[in-house]
Structure formats: structure tokens, C-alpha cells
Engineer: 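Pasting in a structure now, in C-alpha cells, and then I'll have a few things to ask.
Because the structure is predicted, anything quoted here is derived from the model rather than measured. Chain letters run A, B, ... following the sequence lines, proteins first and then strands; every chain starts at 1.
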Amino acid sequence: MSETNSIAGQVLRDMFSTATSWLEKSSADIDALNVFPVPDGDTGTNMMLTMRSTMEEAYRAPDNSASAIAHAMAKGALMGARGNSGVILSQIWRGMAQGLDGKESFNAAEMAEALLKSADIAYKGVSNPVEGTMLTVMKDAAKEAKAQVDRGEEDVIGLLEAVVNAAGDSVARTPRLLKVLKDAGVVDAGGQGLYTILEGALRFLKGELELMRLRKPQIIVSDLPSTVPLPQATGVDEVPFGYCTEFLLKGEKLEPESISKRLEKKGESLIVVGDESAVRIHIHTLEPGSIVQFATKLGTLHQVSIRNMDEQHQDFLEMQKERMPTTDTAVIAVASGDGLKDVFGSLGAAAVIPGGQTMNPSTKDILQAVQSVPSENVIILPNNKNIILTAGQVESLTEKKIKVVPTRTIPQGVVALLAFDYEADFKTNAEIMEKALSSVKTIEVTKSVRATRINGLHIKRKQPIGLLDDELIAAGDTDLDVINKILDKLDMKEAEVVTIYYGEDVQAEEAEKISASITEQYTNLQVELIKGNQPHYSYILSIE
Amino acid sequence: MAVKIVTDTLSDITGDLAAQLGITVVPLYVRFGEEVYRDRVDISSEDFYRRLVNEPKLPSTTQPTPNDFAEVYRKLAQETDEILVIVVSSKLSGTYQSAMQAKEYVKDKCRIEVVDSMTVAMGEGLIVVSAVNAIKKGAGLDQAAEMVRKAHDRSHLIAYFDTLKYLAKGGRIGKAKEFLGAMLSVKQILTVRDGEMAPLTRVRSMRAGLDYLTSVVASYQNRIEGLAVEHTTNPEDADVLVERLDAIFPKARILRSIISPVIGTYSGPNAMALTILEA
């Protein structure tokens, strides 16, 4: 493929015009990524409208130099910026314009410089930059551009390709940086929007117009395990969000910095950007009136928008409800140890209630979890024989329909959850899940709390003991000894998968030794080792 | 003049079977880096899967161009004045758009009806077979198209995926993304719902997967018009499944095929698909 060493102003304009149409195709998908309390509920639409205004102005540039076009784009972006993401986007164009200032056209190195400038200006525009947003994506993209130039890349398309890939990876990482994204299981909407714009520009340069007409942009999927927030975290939050207030202030000799200082204490998510003649202001405040009053003293107000965010929050909750269940049934589980909680979360439990042996949750704890999930039908996995009854009490305390699948151990809970059938109805699912319990055997290893005689065993205090499906049947010198004694009693020819969850007091090396020993003895088995971090039980083994 | 049928290679109807049915199959494209192949024309399934597993970069796939369809339409227009085009779900591929656009390039006096099958692989393939049979029995274009349009409700594709890695990377994951990120190694059972991949359930092993697939077929006993079993890299597992299904549906009538490399890009190795066309 031939190299493209330089980009002229017209190409700059055309590539981002194409990118705008590309973004437009997925703006609804990007809207759907929004997570409150990351504000503006329609990031995709806002970015698309901002880009439209950006490009309209680009066609009014006084000449066709890269500099003139970039400055026109920056102006158009500022005038038409919508929402938080739009304002940040306008700062990206402002940085680009500064980077390309005075240039007729630009090469790879100059493009990298301009991108770095974009990242820099974008960060400066936000009073409290948050990582895991489009700011991070912009920064990572610019960093990659710089790295490519340092490596000697001279082809602008090659450079942009690397930048787009880096931006995509950065978008995929956003849930690692921002908990609200992780909890909602989505990537950052603004970051996705920025990625889509860059990708659109790249596709234009690669001449993929026909392809772009037929396809639409892909939303990036996070590779992060989707964990679920505990019910406490999803409880009703009564803190008011106030009003999302934004407008364009036009005047003379405006000073964005001093305006920013004046407004700093008036609210959250403050952004003040612009120049002497036009400043865009975005803030979340409980008193929009005082902000507007202050601004009218400095100049004239345009495009004033004041939106009630509590209303937006309600809309968001509604949207969440629509988006969450592909089924109207939620499964909640009882488990302790963050490893075990994550196992249930990653397998799709809607909530995990802390509890287990010697820490049985109350009926109220379970009821609270039941109420917190957005489904009318709830299946409860108690995962302990002492919790089955408590869970059964919940049914009479809620209007939701409840089924308790009587799981007595963690492995039973896991097989029940796995057997969940997305196409089956509530009642059938409870049956399928209960039926699955017979497919697993559970070994639990713990230490005896006192000396005793039971089931023909003489047990000393603190001696390792083992339970098979809740029944004490072995005692030994070491954990491994106990495990082996129980495994000897089982018909292992039927087994296929052994999962070992090791407890909070067990060292990883110890657990690996046990895993290796089982793998060696039973060569046909698939053995999996997981840090369950559960208290009391040094090991819980699932044999399927 | 009898209606002629056109489909795409995602129906997994290729080679002898296509010839036997008397239909035209338009290939999609598979791309490894700069090398572009027509699905099972320039690259065999075996070669494809070998490369899928061994090469560091995943291949990408592209729909046929409108021109690919237009050429087929023009050629068939010499023989017939009615063409029924059955394509893969428009939520999974742009093939439907290409097939539709191609109509504008054909000046011949020939009616062309393009139907979105809303499914894929043999889910689509068994619908094509059913359409061929309907036309043999004398159905016209409108009647056959109407049957095909409704057929996805009785076409049940159930896929066993050893991993979701490939599906996630290809961005075609749809609602099946709920299965991503499990902390245990689990095998996913997916289906096609409303034209895209959707989760069904999960198992821990291939054997449990075979049990599940068998139980699904058993639940349709005596209501089965067609049954198909497909694999990617693992014919022996698919053979085991066919043997087990023999008790429910005679294995001689079970259609065997290989999952298209285009789908293989997303399903990865060791995958299986079972399709039931309800009577």
C-alpha cells in the first residue's frame, strides 16, 4: 500500500465530515451506554450534534489550509457543543487547532503533536478530570501517536490506524477505571464516541466509503468480568442531583479562568471553556438561577439549557430496567468471601448477599436484596442448610414471586446458577435448577472446633476434618489427607470437572499443590483452582 | 418456469448438497490480513480452522458485494423470471443489504424477492431446504417467500461454544454478552433470538453439552421436519451427537455440515450447532 505522508486542509475536513456521518449511525447505540451519575443522558446524540456544528463551520473556513479549517472546526464545536461530552469534544478540536496553527497541511509528526495538544487542552477544560472517560481515551490515543512517531512512522494512515487501535483498547479498559461503568457492565459512552469519530476518519483515509455505507460502527465490549453490586449499593439514593445547566456566553474580553474560579463552589462537573468573545459553561448545580444571573452581567446568553437531573435519573432508572433483564427472573445468592461473590456475580447472579456458615443473613437482609433487583420473579440460592428456612420466610413479606432452590453448599449454588435457562419461565427454571443439584458432589474442609467422637471418628481439637455433601465423614493430619480420604470414597470415573475454591487462610502455593496432586491422581479430570477467599472452610471442592 | 433459489454460504449449504438442491450459493469473504478468500470457494473449512487456531491475528469477514448478487441474478434471469433469495440474519451480516441493492442493478424482467431468514448456519440452511421442497411441490414465488418469512419461528438453532473469545472479539456478540467474563471455565449454549445470538444456558463440559443438546431434540420428538448437526474442528464430537440422536430421529435423515468459516471466526474451534426445523 502506498504511503500518505501529508494531509491537506480539505482532506482534514472531508475525513471528519465522513467521521460525523459514521458517528451518526451509532449515536443511538452510544446513548444506550449511558450510566448515571455520569451526566448527560444522551452522549451519542450530543456528540453527533456537536460534530455537525463543528463541520458546518468547517465549510465556512476562509481558506483551505489545515490551520484555517481546524480553527473553523474549533469555533463550530464551541458554538454547538452539547452536554458534557460535547464540551470536552470542543476542547479536543481547540487543541487540534492550536497544534495545526499556521500549517497549510500536516504530516504524521505534526498530527501527533496536534493530538497531544488536544489531550492537554481537553484535560485543562475540566475542573475535576475523571479517568475512565473520553479524556483517558484521548490521552491514550495521543500517547500512541507520539510513540508511533518516535518509532519512525511517517505514514499518516499507519499512524492513525495505530491511534484508533489504541483508542479502542482504551475504551475497553474504561470499566477498569470507573466503577459505575464496571457495575453497569458497559464502556464509557464518550470514549466510545471519540473512538468512533477517529475510526470514521481512518476509514475515510483508507477509502472504505462503500463499506461504511453498508456497515455501522461497533460498540466495544469490555473484557472485564461483569460483577454485580451488592444489594446495599443499589439501594435508593436520596441525594438530589440538581440541575444540569449549560449555555454559551458571548461578550467582550471574557476571562474563562476567572469565570471558572467564581463558579467553582457553585456545583459539580464544572466546565468553563472558550475565549475572549465566547465562553461555554456547563455545571451541575442546585441553584441554576444564581449561575444565570451571574453570567448575564458579563454578556449575553445563548442556547441556555437547564435540565432537572433527578428527572433524568428517573428516566435512567427506567432505561436500566428495560435494559437489564433478558429474562424477567433474577437469581440472588448467599455467599461470603469476595472470590465466591465474584464467581456468582460473573455467572449472572443479580445480587449476592454476604453470609454463610456461622454468619447466616437475616430475613431482612434477604428481603432487602429481593427488593433491590429489578425483576418481579426472584430465585434465591441459600447455599447453606441453615439459610434455606430463612430464605423461605421472604415469600410472605414481598409481593414479588419467590422460589427458593434449596442449595446446601456453594458448589450446589454454582451448578444451579449455571443451569439457569434464559428461555424458560420462572417456575420451569426453579425446577431445572433444583434438578441440577444432583449433578454435583461437595467436599468441604475445615478445622474441628473441639474434640469429639462422631460417625465413628475420633476427632481432636483443630484437626482438619472433611464433609461430603454436608456430612462429616473424614478427619486427617492435613487438608490434603482429608481431601484424599473423601475422594477415595467417590466414584471418580463419573466425574469430569473438579473446581477447588480455597479459603482466606490458605496460601496460593498450598492450594496449587493440592490442585496438582488431584490432577496427577485423576488424569482425565479437568481441575480448576479459584481463590474463593471464604472464611471457615480452607477448601470447598465441587465434583461434577 | 420454476422459482430459482439463491442463498449465501452462511446457510452452510455448499458443494454437493447445493448442486443436489439446484440452488445458487453466494460466498461471503474471509480475510486474514491482506489475503481475501471466498468462503469455501478459495479456502476450505479445514485450512481455515487450522489458520484460525494458529495465527495470532483473528480473521475478519465481509458480506458479498451487491455486484456478487447482481451477477447471480442476471445469470438466473436467463433461465427464470422468479428468484427467491434467502439470506443470513441482517443483524449478523450486511449480506441482506447487498442482496437488496443488487436488485437495482438488474434490468431483466425478473421478479426477485429477498427474505431475511433471521437466523444463520443450518438454521438458515434448513429453511432453504424447506423452500426447495415447497417449490418442488408447486409453490410460486409469493407463496414460497411467505413460508420462508415465517419459518424462523420454527427454526431452532442451538449452538455449543467452547469459548466466547472469538465472538466477543468479532463484535457480533449480541445479548450473549451476558455470558462473558465468567470466572469459571464454562461452555456456553447459545441460540438465535430475534436475529441475533442470545444466551440459553451453560454447562461445564462437552459431555454435559451433548446431554443438553440431546434433551432439546427429545423435547421436539415427533414434531421434527428437519434436523442438522454441524461442527467446526471436531467432527468426532458431532458424530457422537448424531449417534445419540439416532434414537429420536433417524440418523440417515440428519443433515451433516461444517459451520461456515465466516461463522467459525466467531464460534472458534470445538463448537457445534444443532438445528431443528419444527414440522
Engineer: Between A:Val497 and B:Arg204, what is the shortest heavy-atom contact and its length?
Structural biologist: CG1-NH2, 3.4 Å
Engineer: To the closest 0.5 Å, what do you measure between CD (B:Gln97) and CZ (A:Arg215)?
Structural biologist: 10.5 Å
Engineer: Side chain, backbone, both or neither: which part of B:Thr62 has a non-hydrogen atom closer than 4.5 Å to chain A?
Structural biologist: both
Engineer: Please tell me if the side chains of B:Tyr212 and A:Asp421 come closer than 4.5 Å, counting only heavy atoms from C-beta onward.
Structural biologist: yes
Engineer: For A:Ile530, is it the side chain, the backbone, both, or neither that has a heavy atom closer than 4.5 Å to a heavy atom of chain B?
Structural biologist: side chain
Engineer: Could you pull out the closest heavy-atom pair between B:Arg202 and A:Ser346, with the gap in Å?
Structural biologist: NH1-O, 4.4 Å
Engineer: Above 12 or not: heavy atoms from other molecules or residues under 6.0 Å from NZ of A:Lys441?
Structural biologist: no
Engineer: Taking atom types as modelled and ignoring hydrogens, do the side chains of A:Glu423 and B:Thr201 form a donor-acceptor contact shorter than 3.5 angstrom?
Structural biologist: no
Engineer: Can you tell which part of A:Leu211 gets under 4.5 Å to a heavy atom of chain B, answering side chain, backbone, both or neither?
Structural biologist: side chain
Engineer: Let me see the working for A:Phe420 and B:Leu200 under side-chain contact (heavy atoms from CB on, under 4.5 Å), right down to the final yes or no.
Structural biologist: CA-CA 8 Å; A:Phe420 183 86; B:Leu200 202 50; over 6 Å; no
Engineer: With a 4.5 angstrom heavy-atom cut-off, which part of A:Val414 approaches chain B: side chain, backbone, both or neither?
Structural biologist: side chain
Engineer: What do you reckon, is CG of A:Asn524 surrounded by more than 12 foreign heavy atoms closer than 6.0 Å?
Structural biologist: no
